[in-house]
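Encoded as structure tokens, the structure appears first; notes follow it.
Note that the structure is predicted; figures quoted are calculated from it, not measured. All ligand and atom numbering here is 1-based and tracks the order in the structure. In what follows, every heavy atom counts, from backbone to side chain, and hydrogens, waters and symmetry copies are set aside.
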Amino acid sequence: MHIEHNISLLPHNTFGMDVHANTVVTYASAAELTDLIHTVLPSCPKPLLHIGEGSNLLFMGDFGGTILLCSNRDIDIVEQDADNIVVRVGAGRIMDDFIDHAISHGWYGLENLSLIPGQVGASAVQNIGAYGVEAGDCIRRVHCVSLENATTRTFEHDECAYSYRHSIFKDADYRGRYAVVSVEYALSKHFAPHLDYGGIRNSILAAGLVPESIGARELRDIIIGIRQNKLPDPKVQGNAGSFFMNPIISRAEYERICTIVPNAPKYDIDANRVKVPAAWLIEQCGWKGQNLQRAGVHSRQPLVLVNLGGATGAEVKALSDRIRHDVFAHFGVHISPEVIFV
Ligand code: EPU
């Protein structure tokens, strides 16, 4: 465990916001966090904010409270048989390291999430997803510590209420109340690739591979290639991945959009609802590749807002507000940030 004061948050946010935190406390285990909640944290400045890699945050200025970081990166086998395995992963493990480790050991299911930034703890909160797979599909349970009274609590899969980019940990009643300290992932020992998300099969064919016989490592490399080709590297240009969520709307609303622009893209959710790519809505409003002061809209994926160099949180928010305003004015659809403003 260590406690630091007046710490730069530059290494702790992928948007590249040059802000400071009053206090940063790093813990290595659930037991250590429990102890901290009883001893040290009561005298630390509030609010408490547990972060991972800071890949889904926008700091609007210096943070006067206490940042909590988890340094537990352990991967322990909980149970296994010939077909399946359950592993418990420390919240502080980089998700992509875990996916790489899993593939190396012949544990499958997470290949399509390769190269998504962030830590394992955040994967369980945000239900990260890409190319037709969501983290929640493979999460068996989530181990937490209450930041209010230091009790431990395990959330079974069904209690986590996973849906698109959502979990119980984002609900108003739960947000900020629990620290996720480790996550149990249930993976398969038999590789069953998910190739149905648009573009994946074509990328496999373009690489000279055969979709039906692709290996897990090859699929991971294909996914990494797609992401690197389309998404800005936060180490080069600050960003937080998708800035907005794709709006889920009724079919009637979708038909109305098609009267404005015929054949708008969509993914079917159920009989009544569809998901429309926010990237498309933003591009239609003319924002792709544009900027407002030092905040920009990425030229290959307009869902991603970027720090063009020295942008403040206020500049990024001003750009976000303009885009949301224009999408609503043009299409009558609300798009909401996925990124959390701090
Ligand atoms: N599109 C455009 N213009 C563009 C780019 C995309 O119109 O310049 C439209 C196209 O219709 C395209 C559609 O948007 O078919 C979907 O684009 P893409 O496949 O890139 O996916 P997305 O819906 O924009 C979501 C996730 C991404 C994830 C991809 C792939 C959200 C908020 N984002 O983006 O997640 O990588 O699907 O599965 O759901 C992230 O979370 O940081 C992230 C990048």
Stepwise, does the side chain to side chain donor-acceptor pair (under 3.5 Å) test hold for His166 with Asp171? CA-CA 8 Å; His166 188 77; Asp171 279 350; 2.8 Å; yes
At what distance is the nearest protein heavy atom to atom 1 (N) of ligand 1, and which residue and atom is it? Ala279 CB, 3.7 Å
With the threshold set at 4.0 Å, does a side-chain nitrogen-carboxylate oxygen contact exist between Asp321 and Lys317? yes
Which ligand 1 atoms are under 4.0 Å away from a heavy-atom of Glu283? 2 (C), 3 (N), 4 (C), 7 (O), 8 (O)
Suppose we measure from atom 25 (C) of ligand 1 to each protein heavy atom; which comes out shortest, and what is that distance? Asn246 ND2, 4.1 Å
Minimum non-hydrogen distance to atom 8 (O) of ligand 1, winning option of Lys288, Arg165, Lys266, Met245: Lys288
Contacting atoms of ligand 1, where contact means under 4.0 angstrom from a heavy atom of Trp280: 2 (C), 7 (O)
Mode of Tyr164 contact toward ligand 1 - side chain, backbone, both, neither (heavy atoms, under 4.0 Å): side chain
Measuring from atom 44 (C) of ligand 1, which candidate in Ser242, Pro247, Pro277, Pro302 has the nearest non-hydrogen atom? Ser242
Is it true that Glu53 and Arg93 have a side-chain N and a carboxylate O under 4.0 angstrom from each other? no
Has Arg251 got its NZ or CZ under 6.0 Å from the middle of the six-membered ring of Tyr254, at an angle within 45 degrees of the ring axis? no
Taking the six-membered ring for Trp, are Tyr178 and Phe155 closer than 6.0 Å centroid to centroid? yes
As an exercise, identify every atom of ligand 1 less than 4.0 angstrom from a heavy atom of Arg300. 8 (O)
Ligand-residue contact atoms, ligand 1 with Pro265, heavy atoms, under 4.0 Å: 11 (O)
the protein heavy atom lying closest to atom 34 (O) of ligand 1 turns out to be Leu303 CD2, 3.7 Å
For atom 6 (C) of ligand 1, is there a protein heavy atom at a distance under 4.0 Å? yes
Any idea which protein heavy atom is nearest atom 38 (O) of ligand 1, and the distance to it? Tyr131 N, 2.5 Å
Using a strict 4.0 Å cut-off to heavy atoms of Phe244, name the atoms of ligand 1 that fall inside it. 32 (C)
Looking only at protein heavy atoms, which one is nearest to atom 37 (O) of ligand 1, and how far off is it? Tyr197 OH, 3.4 Å
Check each atom of ligand 1 against the heavy atoms of Arg227 and keep those under 4.0 Å away; list them by number with element. 36 (O), 44 (C)
Might you work through the side chain to side chain donor-acceptor pair (under 3.5 Å) test for Tyr197 and Tyr267, ending with a clear yes or no? CA-CA 10 Å; Tyr197 192 91; Tyr267 308 102; 2.8 Å; yes
Is it possible for you to check whether Lys189 lies under 6.0 Å from the centre of the six-membered ring of Tyr108, through NZ or CZ, and within 45° of that ring's axis? no
Charged N to carboxylate O under 4.0 angstrom, Glu253 versus Arg273? no
Side chain, backbone, both or neither: the part of Tyr267 lying under 4.0 Å from ligand 1 by heavy atom: side chain
Which of the numbered atoms in ligand 1 are below 4.0 angstrom from a heavy atom of Gly241? 42 (O)
If every non-hydrogen atom of His334 is compared with every non-hydrogen atom of Pro247, which pair is closest and at what distance? O-CB, 3.8 Å
Does ligand 1 have an atom that lies less than 4.0 angstrom from a heavy atom of Lys275? no
Under a 4.0 Å N-O cut-off, is there an ion pair linking Asp268 with Lys266? yes
Has Arg322 got more than 12 heavy atoms of other residues, nucleotides or ligands less than 6.0 Å from its CZ? no
Looking at atom 10 (C) of ligand 1, is any protein heavy atom nearer than 4.0 Å to it? no
Carboxylate-amine/guanidinium proximity below 4.0 Å for Glu338 and Lys170: no
closest protein heavy atom to atom 17 (O) of ligand 1 is Gln301 NE2, 4.1 Å
Indicate yes or no: does Arg220 engage Asp100 in a salt bridge with an N to O separation below 4.0 Å. yes
Examine ligand 1 and decide if any of its atoms is less than 4.0 Å from a heavy atom belonging to Lys230. yes
